[in-house]
Amino acid sequence: MRNGYNEGRPRLSKDGSTTDQRLLDNRGQPGWTHSDPWRVLKIQAEFVEGFNDLADLGPAISVFGSARTPSTSPDYELAAKVGSALAQAGFAVITGGGPGAMEAANRGAIEAGGASVGLGIELPWEDRLNDYVNLPLHFRYFFVRKTMFVKYSQGYIVMPGGVGTLDELFEAMTLVQTQKITRFPIVLMGVRHWQGLIDWMRGTMQADGRIGPHDLDMLTLTDDIDEAVALMVRAREERQP
Ligand SMILES: C/C(=C\CNc1ncnc2c1ncn2[C@@H]1O[C@H](COP(=O)(O)O)[C@@H](O)[C@H]1O)CO
């Protein structure tokens, strides 16, 4: 499956730092104050390349989940089946292009003959895209990459995950809550993993009035792949003019 799609990925600089570190982790150093304005051009170029590469992708769903999900685990199998089911329903599958649940969803998509997108991110340990991506993109800036997930997806499926997955989930929830994105289903798969979080959000956040009484309605919690894909298909139909 390997086809040279890691060739275009950014190389780390000589000191081993990432581009995001150089932008964000040099607080108060005057040298950076003067070079930061020029960085905007690189950021702009990354947006332009991303928009260009994904413009003709067609309907797509992003699948998020732990980079640490072992290939032997039921969560991996579930993510692979989700990737396949989405591809069979005519969706491209977008992931972070990494290992674990991302690899599983890409693998399922590619094995079902679908478009399998990996939005890779430059990391300090020079990670590479998984072997099941047929449309690779490489990003240096996390926030540019995150824009691509939202802009080119019609919905999110969120598998069990850690901090990165939570970040992606809560960003989407914030964008829906503030109506920056509409008609955007968010499905949490893996009831065992997510139930405690939902219970806390309902019992504490909602009970204390930190979120609205209907905010949690934007989430669907299920282990049922057919239900998850049907939600995405319905949202796609509603989008059609
Ligand atoms: C941690 C390891 C590898 C990290 N490689 C990643 N490659 C691409 N995308 C990633 C990676 N790690 C996190 N992400 C993004 O966050 C989500 C997963 O984060 P979590 O903390 O594991 O839940 C995922 O959806 C990606 O978009 C070791 O092999």
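First listed ligand is number 1; within each ligand, the first listed atom is number 1. On a predicted model such as this, the values are computed, not experimentally measured, just so you know.
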Subject >> Heavy atom of the protein closest to atom 24 (C) of ligand 1 (residue, atom name, distance) >> reply: E168 OE1, 3.4 Å
Original post:
Taking the side chain from D53 and the backbone from G50, do they hold a donor-acceptor pair closer than 3.5 Å?
Top reply: no
**OP:** Check each atom of ligand 1 against the heavy atoms of G161 and keep those under 4.0 Å away; list them by number with element.
**Re:** 23 (O)
Original post:
If you measure every N/O of R145 against every N/O of ligand 1, is any gap under 3.5 Å?
Top reply: yes
Original post:
Looking only at protein heavy atoms, which one is nearest to atom 6 (C) of ligand 1, and how far off is it?
Top reply: L123 CD1, 3.7 Å
**OP:** Would you please determine whether G65 falls within less than 4.0 Å of ligand 1 on a heavy-atom basis?
**Re:** yes
Original post:
Is it true that D167 and K146 make a salt bridge, defined as a side-chain N closer than 4.0 Å to a carboxylate O?
Top reply: yes
Subject >> G96: numbered ligand 1 atoms lying under 4.0 Å from its heavy atoms >> reply: 8 (C), 9 (N), 27 (O)
**OP:** Return yes when at least one protein heavy atom is under 4.0 Å from atom 11 (C) of ligand 1, and no when none is.
**Re:** yes
**OP:** Without swapping roles, check the side chain of D208 against the backbone of R210 for a donor-acceptor pair under 3.5 Å.
**Re:** no
Original post:
Does a salt bridge link K81 with E77, judged by any charged N lying under 4.0 Å from a carboxylate O?
Top reply: yes
**OP:** Check each atom of ligand 1 against the heavy atoms of A67 and keep those under 4.0 Å away; list them by number with element.
**Re:** 1 (C), 2 (C), 3 (C), 4 (C), 12 (N), 22 (O)
Original post:
Looking at G98, which atoms of ligand 1 are within less than 4.0 Å of one of its heavy atoms?
Top reply: 7 (N), 8 (C)
**OP:** Quick one: look up the protein heavy atom nearest atom 29 (O) of ligand 1 and list residue, atom name and how far away it is.
**Re:** P99 CG, 3.5 Å
**OP:** Would you give the length of the straight line joining atom CZ of R39 to atom OH of Y141, rounded to the nearest 0.5 angstrom?
**Re:** 5.5 Å
Subject >> Residue that, paired with L135, satisfies side chain to side chain contact (heavy atoms under 4.5 Å, CB included) out of N106, L57, L119 >> reply: L57
Original post:
What atoms of ligand 1 come within less than 4.0 Å of a heavy atom belonging to G162?
Top reply: 20 (P), 21 (O), 23 (O)
Subject >> Identity and separation of the nearest protein heavy atom to atom 19 (O) of ligand 1 >> reply: G164 CA, 3.3 Å
Original post:
Do F149 and ligand 1 have an N or O pair less than 3.5 Å apart?
Top reply: no
Subject >> Side-chain donor or acceptor of T178 paired with backbone N/O of T174 under 3.5 Å >> reply: yes
Subject >> Pairwise distance CE(M173) to CE(M218) - rounded to 0.5 angstrom >> reply: 4.5 Å
**OP:** Could you point out which residue of I94, I61, I181, V117 forms a side chain to side chain contact (heavy atoms under 4.5 Å, CB included) with S153?
**Re:** I94
Original post:
Which protein non-hydrogen atom lies closest to atom 4 (C) of ligand 1, naming both residue and atom, and how far is it?
Top reply: D127 OD2, 3.5 Å
Subject >> Check: V63 N/O within less than 3.5 Å of ligand 1 N/O >> reply: no
**OP:** For S66, take its heavy atoms, then give the atoms of ligand 1 lying under 4.0 Å from any of them.
**Re:** 22 (O), 23 (O)
**OP:** Provide, to 0.1 Å, the distance between atom 14 (N) of ligand 1 and the closest protein heavy atom, together with that atom's residue and name.
**Re:** M102 CE, 4.0 Å
**OP:** Could you list which atoms of ligand 1 come closer than 4.0 Å to a heavy atom of T165?
**Re:** 17 (C), 18 (C), 19 (O), 20 (P), 23 (O)
**OP:** For the residue pair F64 and Y156, categorise the inter-ring angle as parallel (less than 30°), tilted (30 to 60°) or perpendicular (more than 60°).
**Re:** perpendicular
Original post:
Would you find a donor on one side and an acceptor on the other, under 3.5 Å apart, between the side chain of T147 and the backbone of F143?
Top reply: yes
